[in-house]
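As the structure is a prediction and not an experimental result, all values here were calculated from the model.
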Amino acid sequence: MRARRTVALALAGVLAVAMAACSGESNNNSGSNGPATVLNVGMPNGPQTENHNPFLGSSSGASLGYRWMIYEPLVMLNSIKPAEEGKPWLATEWKWADNFTKLSFTIRDGVKWSDGKPMSAEDVAYTFELRKKNAGLNPEAIPYGEIKQTGSKVDLTFTKSQFVNQAKVLTTFVIPKHIWSAVKDPTTDVVKNPIGTGPYTLKSFTPQTTTLTVRAEYWQELPKVKELRYTSYNDNNAQTTALANGASEWSFVFIPNYKTVYVDKDPAHHKLWFPANLGIHGLWINTQKKPFDNPALRRAMDKVINRDDIFLQGEAGYFYPKIESVTGIPTPAGESFIAPEFKDAMHKVDVEGAKKELAAAGFKLEGDVLSDPSGKPVTITLTDPAGWSDYITDLEIIKDNLSTIGIKATVDKANQDAWFKAVDEGNFDATMHWTNGGATPYDIYQNIMDGKIYKPLGKGGVSGNYGRFQNAEATKALDEYANATNDAARTKALNTLQKIMVEQMPMVPTSASNVGGMYNTKNWIGWPDEQNQYAPAQPTQQNALQIVLNLKPAAS
C-alpha cells in the first residue's frame with residue numbers, strides 16, 4: 001500500500017463534489033452549537049463498491065480506512081517511531097524467544113465482539129490459523145509453524161526468524177471465529193455485516209459515504225466521536241475542495257498549492273502534518289518486458305530522471321521529499337544504514353553519462369530516437385490513475401526527462417480499476433508506485449526485489465515486486481538479513497542489497513514516503529502533530545483508531 005495512498009480502490013464511475021459536500025448531513029448531528037458528535041473523514045478514491053472484508057486491500061473498508069474502527073490489532077505500533085515499544089491492545093503482553101522463532105501472547109479479558117459475544121484467545125488462535133492456511137491472507141509469506149491456545153495464552157512458532165516481520169505479526173487484527181468459520185473463501189468473499197471488537201459498527205453504506213456509529217459498550221472508554229462519516233471523493237481536487245470548505249475534516253490527499261487553497265482558508269483550524277517513514281516512491285519498471293529487462297537501460301533512465309523537479313513541481317515541495325542517495329534509502333531517516341561505498345554517492349542528473357551507458361550496452365541514439373540492440377525504437381507508456389495529480393505530474397516530468405536520451409514516452413491517465421488490475425497482473429511498462437515501509441530499509445528492498453513474492457506476467461495477487469524483478473543474489477541477501485542472528489550479518493546483507501539496487505536499478509527511486517494527513521481543529525482537538533507524535537496522521541493507517549479515541553470536542 002502507499003504510505004501512503006491507499007492500495008485500496010474498488011472504484012467505479014464519477015463522484016461530483018456536491019454529492020458529499022451537499023449531502024444534507026451537517027458536520028454536527030446535534031443540530032445545535034453544542035459539542036460536535038460527528039467526524040467527517042474523506043479520501044479521493046471515487047465511488048466505492050460495498051465490501052467490509054478487512055483482509056482485502058481492494059475493499060471499501062481498506063480504501064477509506066474505516067476497517068480499523070471495527071477490527072483491532074493485538075498490539076498498536078507507531079510507524080513513525082518504530083523503535084518504541086508497542087501499546088498493549090487486544091494482547092496485554094507478548095514475548096519473543098529463540099531468535100524470533102517463538103512468540104507468546106496473553107490475550108485481554110473482558111473484550112466483546114460487536115454482536116455481544118465474548119472475544120477469547122481461541123479467536124486469536126483461529127485468526128492466525130486462517131492466515132496460515134490461506135496464502136492470500138498471508139501476503140508477507142510468514143512461515144507459521146505450530147499455533148497453540150491454552151486459556152488466555154496463544155503461542156506461535158515460526159520455521160525461521162521473524163525479526164523483520166515483528167511489526168506485521170504483532171499488529172495482526174483479530175476476527176471472530178464464530179463468524180469467519182462460516183465464510184467460504186475469506187480471500188474473496190464480500191462482507192456486508194462486519195463484526196469486530198472496535199468501538200464502531202456499520203450504520204449505513206452508499207457508494208459515496210459509509211457511516212459508522214459508536215457502540216453502546218467497548219473495552220476501553222468510549223470515543224467522544226459518536227459517528228464517523230467516510231466520504232469518497234472523485235479525485236484530489238474534489239477532496240481538496242471539501243477540506244477547504246469544511247465538509248471534510250480529515251484526509252490524506254495531495255494538494256499542489258496547499259497553503260493558498262487549504263491552510264489560508266482557515267489558518268486557525270486547517271492543519272497538516274506529514275511525518276516521514278522509511279518507505280519510498282518511484283518509477284517501477286516492468287523488468288520482464290524488453291528492452292527494459294536490460295539493467296543498462298534502467299540505469300540510464302535513472303540518470304536522467306530529475307528528482308528535484310519531481311519534488312518541487314510534482315510533489316509541491318512538501319509532500320514526498322526527494323531521495324538523495326543513489327541507494328534509494330531516504331535520509332536522514334536511513335542515514336545509518338547506507339553502506340560505506342555509497343555514503344557520499346548522491347543522485348544527480350547526468351544525460352551524457354546515460355548516453356555512454358546506453359552506447360556501451362549496444363543501444364544506438366540517432367537524432368532524438370533511441371534504438372535497442374535489435375534495432376527497435378525504445379518507447380514506453382507511463383501510467384497512473386488520472387485522479388492522482390501528483391503522480392501524473394511526476395510522469396509528465398519523467399516523460400520529458402526520457403526524451404533527452406531518445407526514449408519516446410506517453411503518459412496514460414488510467415481508470416483506477418484498470419490501473420490496479422494492470423499493475424497486479426504485470427500488464428504495464430512503467431508506473432509511479434510506492435513501497436512498504438518499516439523500521440529498516442529491509443522492507444523497501446524486500447518489496448522491490450524479493451523473488452519469493454515474484455509472480456509471472458499475467459498472474460495477479462501480487463504483494464510487492466510489481467516490476468517482476470528476478471535476482472537470486474537479492475533474494476538470498478534478503479533471506480540472510482531476515483534470518484541473521486547478529487547486527488554484523490544483517491549489515492553485510494543490507495550492503496549487498498544496496499549494491500544490487502544501484503547496479504540493477506529494478507525501480508527508480510524518486511521520493512521518500514510519509515504517513516501524513518490534513519485535519520481540522522474547529523470541531524475536534526487532540527490530533528497528533530510535531531509536538532505530540534503519538535501516531536501517524538493518515539486516516540487509512542491502523543493508528544487512525546488511536547487518533548479517534550484521542551479526539552475531544554473543541555467546544556467541550
Side-chain angles (χ1 to χ4, degrees), residues 281-314 322-328 345-384 386 391-414 419 422-423 426-433 448-449 457-458 466-471 499-511:
H281 297 251
L283 186 72
W284 291 68
I285 301 166
N286 193 331
T287 65
Q288 295 294 299
K289 285 193 171 184
K290 291 186 176 300
F292 305 104
D293 59 342
N294 190 324
L297 177 58
R298 301 195 298 266
R299 290 195 301 269
M301 292 168 66
D302 172 63
K303 280 182 167 63
V304 300
I305 290 177
N306 193 316
R307 300 182 188 183
D308 284 313
D309 287 350
I310 287 174
F311 173 59
L312 294 172
Q313 299 173 33
K322 181 181 70 167
I323 289 178
E324 302 274 5
S325 173
V326 296
T327 66
M346 303 300 175
H347 179 271
K348 62 180 180 180
V349 174
D350 183 7
V351 176
E352 292 307 312
K355 290 178 179 178
K356 290 178 181 178
E357 184 99 55
L358 292 167
F363 289 80
K364 290 184 180 181
L365 180 60
E366 297 177 329
D368 60 357
V369 177
L370 179 70
S371 297
D372 66 23
S374 71
K376 185 178 179 180
V378 179
T379 63
I380 190 169
T381 298
L382 312 173
T383 182
D384 271 299
Y391 269 7
I392 293 298
T393 302
D394 294 345
L395 293 183
E396 292 289 352
I397 292 168
I398 292 170
K399 171 186 173 181
D400 290 343
N401 296 158
L402 295 180
S403 69
T404 63
I405 52 173
I407 298 176
K408 182 179 180 181
T410 56
V411 174
D412 171 38
K413 300 176 183 180
W419 178 82
V423 171
N427 185 26
F428 69 98
D429 291 344
T431 183
M432 286 294 293
H433 204 292
I448 296 171
M449 297 190 277
L457 295 180
Y466 304 105
R468 269 67 179 182
F469 182 67
Q470 288 185 291
N471 183 286
K499 190 171 187 293
I500 294 170
M501 182 71 179
V502 172
E503 293 179 352
Q504 296 290 315
M505 202 56 61
M507 64 91 76
V508 178
T510 60
S511 314

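Under a 3.5 Å cut-off, the side chain of Asn286 and the backbone N or O of Gly426 do form a donor-acceptor pair. For Thr393 (side chain) and Ile310 (main-chain N/O), no donor-acceptor pair under 3.5 Å exists by modelled atom type. Between the side chain of Arg307 and the backbone N or O of Ser511 there is no donor-acceptor pair closer than 3.5 Å. Judged purely by atom type and a 3.5 angstrom limit, His281 has no side-chain atom pairing as donor or acceptor with the backbone of Tyr391.
Smallest separation of non-hydrogen atoms from Phe428 and Tyr466: CZ-O, 3.4 Å. The two atoms that bring Ala361 and Pro373 nearest to each other are O-CG, 3.7 Å, heavy atoms only. When all heavy atoms of Val369 and Pro377 are compared, the closest pair comes out as CG1-CB, 4.1 Å. For the pair Ala354 and Ala300, the tightest heavy-atom approach, listed with the atom from each and the gap, is CB-O, 3.6 Å.
Rounded to the nearest 0.5 angstrom, Ile380 CD1 and Ile398 CD1 are separated by 9.0 Å. Here Thr383 contributes atom OG1 and Asn427 contributes atom CG; the two are 9.5 Å apart, rounded to the nearest 0.5 Å. The distance from atom CG of Asp309 to atom OG1 of Thr510, rounded to the nearest 0.5 Å, is 12.0 Å. Within the model, atoms CZ of Phe311 and CD of Glu324 stand 9.5 Å from one another, a figure rounded to the nearest 0.5 Å. Once rounded to the nearest 0.5 Å, the distance linking NZ of Lys322 with CG of Leu312 reads 8.0 Å. Remark: Leu297 CG to Ile285 CD1 distance equals 7.0 Å, nearest 0.5 Å.
Using a 4.5 Å heavy-atom cutoff, the side chains of Phe469 and Arg298 are in contact. Between Leu358 and Leu365 the shortest side-chain heavy-atom distance does not fall below 4.5 Å. Residues Leu382 and Leu283 are in side-chain contact: their nearest non-hydrogen atoms beyond the backbone lie under 4.5 Å apart. Considering only heavy atoms from C-beta on, Ser371 stays 4.5 Å or farther from Phe363 through its side chain. No side-chain heavy atom of Asn401 sits less than 4.5 Å from a side-chain heavy atom of Ile407. A 4.5 Å side-chain heavy-atom check between Trp284 and Ile448 finds at least one atom pair inside the cut-off. Within the 4.5 Å cutoff, the side chain of Phe292 has heavy atoms near those of the Val378 side chain. Side-chain contact between Lys413 and Ile392: present, with at least one pair of heavy atoms (C-beta onward) separated by less than 4.5 Å.
For Thr327 and Ser325, the side-chain atoms include at least one donor-acceptor pair closer than 3.5 Å.
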Test log, rule side-chain contact (heavy atoms from CB on, under 4.5 Å), inputs Leu457 and Arg468: CA-CA 8 Å; Leu457 295 180; Arg468 269 67 179 182; 4.2 Å; yes
Residues Thr431, Trp419; criterion side-chain contact (heavy atoms from CB on, under 4.5 Å); working and verdict: CA-CA 9 Å; Thr431 183; Trp419 178 82; 3.0 Å; yes
Pair up each side-chain donor or acceptor in residues 499-508 with any protein partner under 3.5 Å, not counting sequence neighbours, and list the distances.
| unit_1 | atom_1 | unit_2 | atom_2 | d |
| --- | --- | --- | --- | --- |
| Lys499 | NZ | Glu503 | OE1 | 3.4 |
| Lys499 | NZ | Glu503 | OE2 | 2.6 |

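More than 12 heavy-atom neighbours from other residues, nucleotides or ligands sit within 6.0 angstrom of CG on Asp308.
Judged as a side chain to side chain donor-acceptor pair (under 3.5 Å), the pairs with a partner in residues 351-360 (not counting sequence neighbours) are, in order, Arg299-Glu357, Lys303-Glu357.
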